[in-house]
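To start, the structure under review is shown below, and the notes come after it.
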Amino acid sequence: MDQTHAPSPLAGAVHDLATEVVLALRSGDHLATVCGAAGIDEENRTGIAAARVIGADLLLPSVLYGRHPHPGDVAVLDRAAREFPPKPDAPAATAWSHWHMISTLRRMAPPNPGAAEVRGAPVTHAEPDAAWLEEAPWQAFTHQLSVLAPLAVPAAPSAVRRAAADRAVDLARGFVRAVRRRDWLQAAGAGRWLAAIGGEPATLGLERGLDFTELMGGHDPRVALHVRAARLMAEARAQ
């Protein structure tokens, strides 16, 4: 059997985790464990690395449905935050992703009173710098925001979210560009931000654009994850 194009174990674990998040988002089942369904626990090194790739979206079903996350998922995300902190020279997007993991853990699953350590320690929880987003060209801005799509959730203020809200038109331009370039993951991430913050031009046709993005790129569960999250947030805004 030709193994030339076989996915790596990490890529397979990321695919499985993202798929389980999508299934939980579609069903609204907040009691099932995303990690357990994917066969991952906090002792699985490859699974922990995959959780670092997925980031705070590991708890996205609980975040969007306003319910308690499964303890197994919390344990895996907590381990991922501890095991893979950003290096001093890490890209800004990596630092922001890690910051959001810790922020989500503290918001959704705070430690027990009197615990010796804060969940996610040792981690400095100050927001990373976001000034670079203010001057970034709209193409680069859209790319960076799509990488940081897990930050596009309700009730999660940050400098990145404020930058997105200030540049909704640029994000809309980036969304259209990504669709035209058939970059479905970037389109899905940009669309998720637009659904989270609003303010996009009425002529954009975001709902139809998301439908097309899912149709063309939905074989990638990360695309389906962002599109489903966008729809849930758009529905919540419309109520």
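Residues take their numbers from the sequence shown, with the count starting at 1.
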Any side-chain heavy atom of Phe175 sitting closer than 4.5 Å to one from Thr142?
-> no
If we only count heavy atoms from C-beta on, is the Ser62 to His68 side-chain gap below 4.5 Å?
-> no
Using the rule that two of Ile, Leu, Val, Met, Phe, Trp, Tyr join whenever any of their side-chain heavy atoms come within less than 4.5 Å, decide whether Leu60 and Val53 are in one cluster.
-> yes
Quick one: do Asp57 and Arg192 make a salt bridge, cutoff under 4.0 Å?
-> yes
When rounded to the nearest 0.5 angstrom, what is the spacing between CZ in Arg106 and CE in Met101?
-> 12.5 Å
Apply the test side-chain contact (heavy atoms from CB on, under 4.5 Å) to residues Val160 and Trp193: give CA-CA distance (whole Å), side-chain angles for both, the deciding distance (0.1 Å), then the verdict.
-> CA-CA 10 Å; Val160 173; Trp193 272 109; 3.8 Å; yes
Path from Leu151 to Val147 over hydrophobic side-chain contacts below 4.5 Å = no
So which heavy atom on Pro69 is nearest to which on Val74, and how close?
-> CG-CG2, 3.5 Å
Please determine if Glu207 and Arg231 form a salt bridge, counting it only when a charged side-chain N lies under 4.0 Å from a carboxylate O.
-> no
Do Leu210 and Phe212 sit in the same hydrophobic cluster, where Ile, Leu, Val, Met, Phe, Trp and Tyr count as joined when their side-chain heavy atoms come under 4.5 Å apart?
-> yes
Following the transitive rule for hydrophobic clusters with a side-chain heavy-atom cut-off under 4.5 Å over Ile, Leu, Val, Met, Phe, Trp and Tyr, establish whether Val176 and Trp184 coincide in one cluster.
-> yes
Do you know which of Val76, Leu58, Leu225, Val22 makes side chain to side chain contact (heavy atoms under 4.5 Å, CB included) with Leu17?
-> Leu58
Considering residues, nucleotides and ligands other than Arg182, do more than 12 of their heavy atoms fall under 6.0 Å from its CZ?
-> no
Where is the tightest heavy-atom contact between Phe84 and His98, given as atom of each residue plus distance?
-> O-CD2, 3.7 Å
Leu171 vs Glu200 side-chain heavy atoms within contact, under 4.5 Å | no
So, the side chain of Ser103 versus the backbone of Trp99: is there a donor-acceptor pair under 3.5 Å, distance only?
-> no
Interatomic distance, CG@Leu64 vs CD@Glu235, rounded to 0.5 Å, equals 10.5 Å
Minimal heavy-atom distance between Pro201 and Ala172, with the atoms involved, is CD-CB, 3.7 Å
In short, His70 meets Gly72 closest at the heavy-atom pair ND1-N, 2.9 Å
With a 4.5 Å limit on heavy-atom distance, are the side chains of Ile54 and Leu77 in contact?
-> no
Is the number of heavy atoms from other residues, nucleotides or ligands under 6.0 Å of Glu135 CD greater than 12?
-> no
In this structure, CZ of Arg177 is separated from CD of Gln186 (nearest 0.5 Å) by 7.0 Å
Those residues at least two apart in sequence (or on a different chain) that pass side-chain hydrogen bond (donor to acceptor under 3.5 Å, both in side chains) with Arg45 are Glu83
Determine yes or no for a side-chain-to-main-chain donor-acceptor pair under 3.5 angstrom, with Asp16 supplying the side chain and Ala38 the backbone.
-> no
Ion pair check, Asp220 and Arg222, cut-off under 4.0 Å = yes
Could you tell me whether the side chain of Thr104 reaches within less than 4.5 Å of the side chain of His100, counting heavy atoms only?
-> yes
Minimal heavy-atom distance between Ala80 and Arg52, with the atoms involved, is CB-N, 3.9 Å
Can you measure from CD (Glu43) to CD1 (Ile48) and round to the nearest 0.5 angstrom?
-> 7.5 Å
Side-chain touch Trp96/Glu127, heavy atoms, less than 4.5 angstrom = yes
Arg161/Ser158 under side-chain contact (heavy atoms from CB on, under 4.5 Å): CA gap, chis, key distance, verdict | CA-CA 5 Å; Arg161 186 184 181 93; Ser158 68; 3.7 Å; yes
For Leu59, does its backbone N or O pair with a side-chain atom of Asp73 as donor and acceptor, under 3.5 Å?
-> no
Heavy-atom closest pair, residues Ala75 and Glu42 = CB-OE2, 3.6 Å
For the pair Arg173 and Gln139, evaluate side-chain contact (heavy atoms from CB on, under 4.5 Å) and give the outcome as yes or no after the intermediate values.
-> CA-CA 8 Å; Arg173 293 174 68 190; Gln139 299 94 329; 5.9 Å; no
Ion pair Asp78/Arg82, N-O distance below 4.0 Å = yes
side-chain contact (heavy atoms from CB on, under 4.5 Å) assessment of Asp183 paired with Leu185 | CA-CA 6 Å; Asp183 187 339; Leu185 186 57; 4.3 Å; yes
Should Trp138 and Val169 count as side-chain neighbours, where that means a heavy-atom distance under 4.5 Å?
-> no
Arg26 and Glu214: CA distance, side-chain angles, deciding distance, salt bridge (charged side-chain N to carboxylate O under 4.0 Å, His left out) verdict = CA-CA 14 Å; Arg26 288 174 175 166; Glu214 184 176 39; 3.5 Å; yes
Can you find a heavy atom in the side chain of Leu145 that is under 4.5 Å from one in the side chain of Leu133?
-> yes
